[in-house]
There are 4 protein chains.
Amino acid sequence: MNKREVQASVKDERLVQKRRDQMIKGAVALFKQKGFHRTTTREIAKAAGFSIGTLYEYIRTKEDVLYLVCDSIYDHVSERLQQDLALKKGTLDSLKLGIANFFQVMDEMQAEVLVMYQEVKSLSKDALPYVLKKEMEMVGMFENLLSRCVENGELHLSEKQVEIIAHNIFVQGQMWGFRRWALRKLFTLEEYIELQTELLLSGIDVGVTRDSEISEK
Amino acid sequence: MNKREVQASVKDERLVQKRRDQMIKGAVALFKQKGFHRTTTREIAKAAGFSIGTLYEYIRTKEDVLYLVCDSIYDHVSERLQQDLALKKGTLDSLKLGIANFFQVMDEMQAEVLVMYQEVKSLSKDALPYVLKKEMEMVGMFENLLSRCVENGELHLSEKQVEIIAHNIFVQGQMWGFRRWALRKLFTLEEYIELQTELLLSGIDVGVTRDSEISEK
Amino acid sequence: MNKREVQASVKDERLVQKRRDQMIKGAVALFKQKGFHRTTTREIAKAAGFSIGTLYEYIRTKEDVLYLVCDSIYDHVSERLQQDLALKKGTLDSLKLGIANFFQVMDEMQAEVLVMYQEVKSLSKDALPYVLKKEMEMVGMFENLLSRCVENGELHLSEKQVEIIAHNIFVQGQMWGFRRWALRKLFTLEEYIELQTELLLSGIDVGVTRDSEISEK
Amino acid sequence: MNKREVQASVKDERLVQKRRDQMIKGAVALFKQKGFHRTTTREIAKAAGFSIGTLYEYIRTKEDVLYLVCDSIYDHVSERLQQDLALKKGTLDSLKLGIANFFQVMDEMQAEVLVMYQEVKSLSKDALPYVLKKEMEMVGMFENLLSRCVENGELHLSEKQVEIIAHNIFVQGQMWGFRRWALRKLFTLEEYIELQTELLLSGIDVGVTRDSEISEK
DNA sequence: AATGAATGAGCATTCATTCAT
DNA sequence: GATGAATGAATGCTCATTCAT
């Protein structure tokens, strides 16, 4: 498989999954509050509902917890998006829907996303590439969406443009999660989604240029 | 003044500034490499070229170093931008120049920016608001640029649009600093600047819509 | 209860008590030798027979050790006295016995008492009042002894006199512990006890007064 | 001379004395407040009105400051007592006066005395004996007073009694300085002096014993 | 003589990890 | 499988002392 496996001493896979879910849930709450470094393994164990001894039956190092958290977050986001995007493909509407859904997921999972983006670099050289790869996969989902629109003649874009726009969408989604404290003073999530989509598809209304273009015809 | 002052035991202001510059330079290098939490005060002192004892003559706590770093970054970026933007105002060209310059600064100061965005939340409740305020000021600079273009009739934008575009520019600039590892595989900085500017000003070429628009005339 | 509890991470009360006893024993020896401030936590841990990590499983701060030491000393002394004084009450003999026992306890616990009187003021504003209260309780025990003798007509004393004598006994007891280095050159403990008791009960033989007494006969 | 000399780099004896007086005055205030160990040399220098650099021109180590403080205190107390006691000698009245004066000095210099008794043991093996010797000299002054009364037939006391009573007076004086926080709730200084003197000279009024003595006659 | 910047040994405290029960 | 007591390396910070100016 593609996963960087985190070793557990316990054999029962079911139990491992259950314990890790408890662990992740507790850890996210703590990381959100105090960050990865300021959170102790004892606190994680307590938040998860068991002892440190037990915690270490399911992970090898504290960093494993961070990895597990990051991994879980990506899985959730990916899953959410894949579901939504599986429907109508290659239409402008599916693109709009995809964007809207992504922004909504970013809003719902704000805490987790925030945690992830502030702590990934704490991952070891070992785990980091794996997480970054996941990120590229998510950007890739938007490239896909866009490419299909291009194929269907709904959009006219160069390859480079597809790539940069996919990045922009991804970053604007994160931006909502990241900078919600500032953006919320200006927009509701709905307004934000609408404005961003509109800008993306119609660009800025450049007065002079447009006028001259029109007058030329 | 508006600054949250970091207290020093040493009185000579000149010396304080000199030592802090050494300190910041060393700290940025270390924070970039291993993050704020994994960097020890001893390492910072060593990188700055003096002993821990001396380090603590110029700060009160380790967090002060982080604050000093953040503060210095903002000051540099602001200064750079203010210089460039002071020239032609309210024209599309000045906007383009502003964006290009900002992206360039983000590229040059990538290390510092990266550090800042991954460590700000480690700042105490005391220092954080001050840093966030600085960030809003920088977004405000782009709002300003845009508003002048609107006043001059070079752009047609609602107030909300001005705000969201300012945010987008800011975030896209950071994105280059943040995600350079991914973007560089696709674009040079110049390409990136050009593509983003173009997208911003002309929007995506939406085939069907345009066609219909033209056909209407 | 009335105790200022020192928090421990370890739950097992038995173990906590055992470890703290080890700790107190080691700490008293060290404090006696070098004082509270010159004794390091590592030394305390080592003297107690475990690692610093373990030390901190049973206390929160170094000051807790001092508090624990003071508290333990008072408990021991109180216990010793209460036992002895529970017997014959309200007679001159019980008073003499009480004094003798107290002086003996002060001799036996000289090390601890010395430590306490030289370090109490290092206790925080939080712990100090509690320790001083304990001290007052001990003085109170002598007031009690004296008052009963007064009630039984064995002594004729004003309330003020009871109070000052109780203080005197207490301080003379400590004096033996405190100034043993000087007093031992002059008296054995037994002599000291006898002399002090005699002085207390018969006063100084004031020549003139005696003369008048004699002339009366 | 009898003094353990504290070395100074500065040659001008006048200046040395002046600077040390400043130092002692500042140090006593600080020691009273926070104790010897919690007071830093920087604080002492500041309180004395000069820089640390200068402080170290007049002492060799921090401990020297403590020694200087202790020494100065003893000198003051001794001086005060010697003055007062030089007058009428060998009478009960001169004894009473001596006691009263001593108690008054202890009251006036409470801060200094308190400091001394809580910090002497911080003195090195080198300085301690010298300070203890000073203490014995003060006890000796009372022995002297008492002996003269005995010689004059004003008191009938064995040698041992003279010694223990001298100690008691000394300790009761310190007691007022030490335990003023408790004693003040019960007595004014004047009452305390009167009660102690009375007890010392007449002893406790032992009802039964006296009765039996009387009945014997 | 005075200053105060520099030094670094030293200290209290934390916390990831282990392992006997 | 679960527990939690034990460990000790690591770290932020202090402060007595020195020395160049």
Side-chain angles (χ1 to χ4, degrees), chain A residues 8-12 15-16 19 37-46 49-65, chain B residues 8-12 15-16 19 37-46 49-65, chain C residues 8-12 15-16 19 37-46 49-65, chain D residues 8-12 15-16 19 37-46 49-65:
Chain A
S9 306
V10 175
K11 299 297 166 196
D12 181 346
L15 190 54
V16 170
R19 291 280 182 257
H37 283 102
R38 293 204 209 279
T39 302
T40 68
T41 49
R42 271 170 170 77
E43 287 171 323
I44 295 170
K46 194 176 178 185
F50 38 72
S51 67
I52 338 142
T54 302
L55 183 75
Y56 274 85
E57 293 289 317
Y58 297 94
I59 54 165
R60 283 266 176 270
T61 70
K62 187 187 175 189
E63 211 207 273
D64 282 348
V65 180
Chain B
S9 305
V10 174
K11 299 293 169 197
D12 182 346
L15 191 55
V16 170
R19 292 278 179 260
H37 283 104
R38 290 205 210 277
T39 302
T40 68
T41 50
R42 271 169 174 79
E43 287 171 324
I44 296 171
K46 196 176 177 184
F50 36 72
S51 67
I52 335 154
T54 301
L55 182 75
Y56 276 88
E57 292 284 319
Y58 297 92
I59 54 164
R60 282 249 185 286
T61 68
K62 188 186 174 189
E63 209 208 276
D64 281 349
V65 180
Chain C
S9 304
V10 174
K11 299 293 168 194
D12 182 346
L15 191 55
V16 170
R19 292 280 179 258
H37 283 103
R38 291 205 210 277
T39 302
T40 69
T41 50
R42 269 170 173 75
E43 287 171 323
I44 296 171
K46 195 175 177 183
F50 36 70
S51 67
I52 333 152
T54 301
L55 182 75
Y56 276 88
E57 292 285 317
Y58 297 92
I59 54 163
R60 282 246 185 290
T61 68
K62 187 185 174 187
E63 209 208 275
D64 281 348
V65 180
Chain D
S9 307
V10 174
K11 300 296 166 198
D12 181 346
L15 190 54
V16 171
R19 292 280 181 256
H37 282 103
R38 293 203 210 279
T39 301
T40 68
T41 49
R42 271 170 171 78
E43 288 171 323
I44 295 170
K46 195 176 177 184
F50 37 72
S51 66
I52 337 141
T54 303
L55 183 75
Y56 274 86
E57 294 289 318
Y58 297 93
I59 55 165
R60 283 267 176 270
T61 69
K62 187 186 175 189
E63 212 207 273
D64 281 348
V65 181

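In the text below, chain A, chain B and the rest are named by the order of the sequence lines, each starting its count at 1. Values in this document were obtained by computation on a predicted structure and should not be read as measured data.
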From the options A:Ile59, A:Val65, A:Thr61, select the one residue that forms a side-chain contact (heavy atoms from CB on, under 4.5 Å) with A:Glu63. A:Thr61
[X] [atom1] to [N] [atom2], straight-line distance once rounded to whole Å:
| X | N | atom1 | atom2 | result |
| --- | --- | --- | --- | --- |
| D:Asp12 | E:dA2 | CG | C1' | 14 Å |
| C:Arg38 | E:dA9 | CZ | P | 20 Å |
| B:Tyr58 | E:dT7 | OH | P | 9 Å |

Could you encode protein contacts along nucleotides 16-21 of chain E as a string, one character per nucleotide from 5' to 3', using B for base contact, S for sugar-phosphate-only contact and - for no contact, with a heavy-atom cut-off of under 4.0 Å? BBB---
From D:Lys46 atom NZ to D:Ile44 atom CD1, the distance as rounded to the nearest 0.5 Å: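 Reported to 0.5 Å precision, the distance equals 13.5 Å.
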How long is the gap from CZ on A:Arg42 to OG on A:Ser51, to the nearest 0.5 Å? 10.5 Å
N or O in side chain of D:Thr54 less than 4.0 angstrom from E:dT3 OP1/OP2: yes
Anything under 30° is parallel, anything over 60° is perpendicular, the rest tilted; go ahead and classify A:His37 against B:His37. parallel
Any idea which heavy atoms bring [X] and [Y] closest together, and the distance?
| X | Y | answer |
| --- | --- | --- |
| A:Ala8 | A:Val16 | CB-CG2, 4.2 Å |
| C:Lys62 | C:Thr39 | NZ-O, 2.8 Å |
| A:Leu55 | A:Ala45 | CB-CB, 4.1 Å |

Fill in the dot-bracket string of DNA chain F, one character per base: . for unpaired, | for a pair to another strand, ( ) or [ ] for pairs within the strand, taking Watson-Crick or G-U pairs under 3.5 Å. .||||||||||||||||||||
Please figure out whether A:Lys11 or C:Leu15 has its closest DNA chain F nucleotide nearer the 5' end. A:Lys11
Any side-chain heavy-atom pair from A:Tyr58 and A:Leu15 closer than 4.5 angstrom?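 Result yes, sub-4.5 Å side-chain heavy-atom pair found.
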Counting the atoms with a prime plus P, OP1 and OP2 as sugar-phosphate, which does D:Arg19 contact under 4.0 Å by heavy atoms, base, sugar-phosphate, or nothing? sugar-phosphate
